[in-house]
Amino acid sequence: MKDTFKHQGMRKKLVETLKKKEIKDKSVLKAIGKIPRHLFMDSGFIDHAYVDKAFPIAADQTISQPYTVAFQSELMEVKPRDKVLEIGTGSGYQTAVLLELGAKVYSIERQQELFKKTSKFLPKIGYRAKKLIFGDGYKGMPEEAPFKSIIVTAGAPYVPNPLLSQLEIGGRLVIPVGDDVQVMTLFIRKGPKDFEKHEFGDFRFVPMLEDKN
Ligand code: SAH
């Protein structure tokens, strides 16, 4: 569990790459510059940690591409102390970014193996989410709602209604929607039944699956 000067140097380069790709939010770039992404991956793959690519983790899942993490985080417009919900904890890397942004983070993972691994790992490196649960993200976390923002980090075939209804007024849902390819979509809740929708181009995620496993 080491973070060396070499890793820090590689991270600086990754941040430069993200800037070139038009990521502008300074707090998001700072978070990515700080978080030791190599620790979120299995040890054999450490050389891949600071290239701008998704990478396999356990249970056939992936740690999202840094650009995608940055892009989604930017769309959420996280402010310190915001209550945020993440669907798809996975490796916990996106969770760590949200925590660095000062959010109170609630996160759901449907793969038991990953849930267990990541729940142990995050506090070990100093990242404390408010709540990590093993469950089905299609249902959201009604007992903790409403949220200032919600991020879905798996490809959703459709937009789950519970997620829209768990947003506070003014809240933002960032969700990749589609089957093989997903359109990054932002919903802003303008009123109890009024949502503004914005679309931001194509991305590829592992699928958001129903129920837990
Ligand atoms: N944010 C993660 C991305 C992991 S990939 C990271 O940075 O590492 C997407 C994750 O979503 C996988 O771990 C997958 O198991 C999880 N997932 C898929 N469908 C889900 C659902 N219905 N509820 C909760 N998690 C889900």
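Read the numbers this way: they start at 1 and go in the same order the structure lists the ligands and their atoms. These values consider heavy atoms only, across backbone and side chains, with no hydrogens, waters or symmetry-generated copies.
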Might you list the protein residues in contact with ligand 1, defined as having a heavy atom under 4.0 Å from one of its atoms, sorted by chain and number?
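For ligand 1, the contacting residues are Q61, T62, I63, S64, E86, I87, G88, T89, G90, S91, Y93, Q94, I108, E109, R110, Q111, L114, G135, D136, G137, Y138, T153, A154, V206, P207, M208, L209.
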
Pair listing, side chain to side chain donor-acceptor pair (under 3.5 Å) test, anchored in residues 95-108, at least two apart
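For residues 95-108, and leaving out neighbouring residues, the side chain to side chain donor-acceptor pair (under 3.5 Å) pairs sorted by first residue read K34-E100, E86-T95, E86-S107, T89-S107, E100-Y127.
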
Scan residues 183-193 for pairs that pass side chain to side chain donor-acceptor pair (under 3.5 Å), counting only residues two or more places apart or in two chains.
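Listed once each, the pairs would be none.
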
Does Y138 have its ring centroid less than 6.0 Å away from the ring centroid of Y158?
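Distance test on ring centres: under 6.0 Å, yes.
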
Geometric cation-pi criterion, R37 with Y93: 6.0 Å, 45°
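Flagged: R37 positioned over aromatic ring of Y93.
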
Whether over 12 other heavy atoms sit under 6.0 Å from D60 CG
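Counting neighbours around CG of D60, 12 or fewer heavy atoms of other residues, nucleotides or ligands fall under 6.0 Å, so no.
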
Side chain to side chain donor-acceptor pair (under 3.5 Å) against Q72, all qualifying residues, sequence neighbours excluded:
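Here no residue qualifies.
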
